[in-house]
Amino acid sequence: MSWPSGNARAAAAGLPRTFWVLWTGLLINRIGMLVLPFMSLYLTQVRGASMATAGVVVACYGAGAAISSAVGGYLADHVGRRFTMVAALVIGGLGVIALGFVRDIRVIAPACFLIALVAEAYRPAMQAAVTDIIPPADRVRAFGLVYWVINFGVSIGLSLGGWLATRSFLWLFVVDGVTSLIFGLIVWRMVPETKPAHAAGAAASKSTGGFFAPYADRPFLLFVLLSIAMLLVFMQHLTTLPMAMALSGVSPTSIGIVLALNGIVIVLVQPFMAPWLARFDHSRVIAAGALLVGLGFGINAFAHDALVYGIGVTVWTIGEICVLPIGNVVVADVAKHDMRGRYQGAYGLSFGTAALISPLAGSI
């Protein structure tokens, strides 16, 4: 037995069936995440929008995602993880397909907000479900696998998206929406409710204060604010980075390949880095990772071809590996059992907030 195969078996051993169902659904869904990475190119090249207008539209999606994360976490704690995931994935998937047929920018912008408001609610519910079914001792391993499969799927999807974009941007919307519908069907048929039975009553007893409980946790709030600062840079890969590559003359296919390097590096490197990083203090690992993210995006200022952009992607991806998986585990560990959805939603709010601000700042 080779070491890599033995390491892979050890990483996957002993996790429950429900986890693997969610893992499979995530793989399908992430392969189909095609619209958001190519939205700025679609708006500028097909709809004739300016870079500033494209930034505003993508920011509308970020605004919807920010609100959706908090609301989705609340619903996950009060209504249930399963219902929240199914509703978000099905309604969001149908919305994405419909968006592909919209022509007017004045309609596309609010539609992006509404779609994100619904579609992104599945994330805190899914993360809360993983926390429910995985004991603390196995959470680093489980969230590492979630992180790995998301990026594996995205690396495939970005290459697919670049190829589809050269033929018809409409296919990006159709494939994206259909894969969300498939994930919703998988959850509906194969994933039981995981929310602890006594959590609903405990959460409800806190009334309005329960919704804001994560934001009253000062150490956690500081962690969220620092995450926003780092993500303001990191989120540029969804907005200004594709536009910068296009302005440098990089073809849509090459843009897809360069962006796919992010997932490829994670898939190849993260399983080997994770055991090594676990030896160090989490805060120092996250800080070092944030510095690498900044350095990697700084390389873009000197890039004029796909090769140099690819070097930048590789550097900030190493930083991402140091930050995001450990961050997810920290949130899972600090959340009380009746607030898992809300804490995950509050942490997800940092991603939505950054997705709102970064395209506006990057496209000025």
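Predicted model only: the values in this text are computed from it and were never measured. We count residues from 1, following the sequence as given. Just so you know, these numbers use all the heavy atoms, side chains as well, and skip hydrogens, waters and symmetry mates.
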Can you tell me how far apart [atom1] ([X]) and [atom2] ([Y]) are? Round to the nearest 0.5 Å.
X	Y	atom1	atom2	answer
Phe223	Ile228	CZ	CD1	11.0 Å
Leu43	Met243	CG	CE	9.0 Å
Gln127	Asp132	CD	CG	12.0 Å
Met273	Ile318	CE	CD1	5.5 Å
Met190	Trp20	CE	CH2	14.0 Å
Ile150	Trp23	CD1	CH2	11.0 Å

For the residue pair [X] and [Y], what are the closest heavy atoms and their distance?
X	Y	result
Leu99	Met39	CD2-CE, 4.0 Å
Val57	Ala109	CG2-CB, 4.0 Å
Pro192	Thr18	CD-OG1, 3.7 Å

Salt bridge check, Arg106 against Asp104: does any charged N sit closer than 4.0 Å to a carboxylate O?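 So Asp104 pairs with Arg106 through a salt bridge.
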With heavy-atom distances below 4.5 Å as the criterion, would you say the side chains of [X] and [Y] are in contact?
X	Y	answer
Glu320	Tyr147	yes
Leu22	Met85	yes
Phe220	Val330	no
His78	Arg342	yes
Pro196	Arg340	yes
Ile28	Ile186	yes
Ile266	Phe152	no

Look at the side chain of [X] and the backbone N and O of [Y], then say whether any donor-acceptor pair between them is shorter than 3.5 Å.
X	Y	result
Asn151	Val154	no
Arg82	Val191	yes
Ser180	Leu89	no
Asp217	Ala213	no
Arg123	Ala119	no
Asp176	Leu34	yes
Gln344	Ala125	no
Gln236	Leu241	no
Ser350	Tyr347	yes
Arg81	Glu193	no

So for atom CZ, which belongs to Arg103, do other residues, nucleotides or ligands contribute more than 12 heavy atoms lying within a distance under 6.0 Å?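 Result for CZ/Arg103: enclosed.
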Other residues, nucleotides and ligands only: do more than 12 of their heavy atoms fall within 6.0 Å of CZ on Arg167?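 Above 12, so yes.
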Tell me whether the rings of Phe297 and Phe234 are parallel (<30°), tilted (30 to 60°) or perpendicular (>60°).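 Taking Phe234 first and then Phe297, their aromatic rings stand perpendicular (interplane angle over 60°).
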So, applying ring pair (Phe, Tyr, Trp, His ring centres under 6.0 Å) with Phe169, which one of Trp163, Tyr42, Phe38 is it?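 Among the candidates, only Tyr42 passes.
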Side chains of Thr179 and Asn29: is there a donor and an acceptor less than 3.5 Å apart?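 No.
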Would you check if there is a donor-acceptor pair between the side chains of Tyr309 and Ser248 at a distance under 3.5 Å?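 Checked: Ser248/Tyr309 side chains pair up, N/O donor to acceptor below 3.5 Å.
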Filter on salt bridge (Lys or Arg N to Asp or Glu O under 4.0 Å), then keep only pairs touching residues 323-333, sequence neighbours left out; what's left?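 Checked against salt bridge (Lys or Arg N to Asp or Glu O under 4.0 Å) - neighbours excluded - the pairs reaching residues 323-333 are Arg139-Asp333.
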